[in-house]
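Here the structure is laid out as structure tokens; the discussion comes afterwards.
Sequence lines set the chain letters: A, B, ... in the order given, protein chains first and strands last, and positions in each chain run from 1. Predicted model only: the values in this text are computed from it and were never measured.
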Protein chains: 2
Amino acid sequence: MGDRTDWSAMRDRRMAESGAAEAYDAARLAFELGRAVRELRERRGWSQSQLAQASGMTQSAVARFEAGGTVPTLPVLERLAAALDVSLNVSFKPRDAAA
Amino acid sequence: MGDRTDWSAMRDRRMAESGAAEAYDAARLAFELGRAVRELRERRGWSQSQLAQASGMTQSAVARFEAGGTVPTLPVLERLAAALDVSLNVSFKPRDAAA
DNA sequence: CAGTGGTATAGCATTGTTGCTATGCCCTGG
DNA sequence: CCAGGGCATAGCAACAATGCTATACCACTG
């Protein structure tokens, strides 16, 4: 994967400023959520523009999100989930037990 | 529930401006996450100040979060989860199937 | 080769969350 | 009665995500 963008630098800066681990996890979570949305979108055969319209965003915002360019906010995740007809799950899980 | 705060008005404004449903869901999610954190914190017998220190926040930020005063960001949720020794789970779930 | 659709980036204004400090209320213990 | 701990709010500065417009690149097609 080439470093065609400037975002990696932005993330690195964030990591250096705070405690690294937490910011790093957030960036990784952003990346994985982006990939998940991209998969769901492509599975439906939608273009970024279509998803954007369905979720009240613009194509550029969708592209930025799918690339993991920023850590998404919960309102945005909810709108994407609604548009893709899936449910968003945000919860805390004990580390030592299931569920 | 008493309306001792000003936050309900803020949420109402957000709901009125956008599409209502999405913003409403985000506010409810914020509220439930706040309650979850409060439970985990009290279960550990921690004060807001202790949790704040453990998660790199201030007591006021913890109070605001537990009250559902703002929709938390993922970095904050990660830090709280780490401090409370639980794992944060953010994912999309199909509406028609399990897992 | 021009035209079109899909995607990636850039730049900027707006908006909202967080960080921080200070303060007020309630309750309990001395 | 007064002091202190715990929690709720306020106000403001700083920062980061979103909204939006415009543009560039690529693949495909007429």
Interatomic distance, [X] [atom1] vs [N] [atom2] [rounded to whole Å]:
| X | N | atom1 | atom2 | result |
| --- | --- | --- | --- | --- |
| B/L80 | C/dT17 | CG | P | 15 Å |
| A/L74 | C/dG16 | CG | P | 15 Å |
| B/R64 | C/dG19 | CZ | P | 8 Å |
| A/F65 | D/dC20 | CZ | C1' | 19 Å |

N/O (side chain, [X]) to phosphate O (OP1/OP2, [N]) under 4.0 Å:
| X | N | result |
| --- | --- | --- |
| B/R41 | D/dC7 | yes |
| B/R79 | C/dG19 | yes |
| B/T73 | C/dT18 | yes |

From CG (A/L40) to CD (A/E66), nearest 0.5 Å: 10.0 Å

Rounded distance (nearest 0.5 Å) linking atom CG of B/L29 with atom CG of A/N89: 9.0 Å

A/E39: partners by salt bridge (charged side-chain N to carboxylate O under 4.0 Å, His left out), with sequence neighbours left out: A/R43

Proximal nucleotide (of C/dT9, D/dA17, C/dT21) relative to the B/S60 side chain: C/dT21

Within 6.0 Å of CZ in A/R35, more than 12 heavy atoms from elsewhere: no

Candidate pair A/V62 and A/V37, rule side-chain contact (heavy atoms from CB on, under 4.5 Å), full reasoning: CA-CA 9 Å; A/V62 171; A/V37 164; 5.7 Å; no

Evaluation steps, side-chain contact (heavy atoms from CB on, under 4.5 Å), between B/Q53 and B/Q59: CA-CA 8 Å; B/Q53 183 166 19; B/Q59 179 266 326; over 6 Å; no

Residues touching DNA chain D, which here means a heavy atom under 4.0 Å, drawn from residues 42-58 of chain B: B/S47, B/Q48

Comparing B/V76 and B/Q59 on DNA chain C - which has the more 5′ nearest nucleotide: B/V76

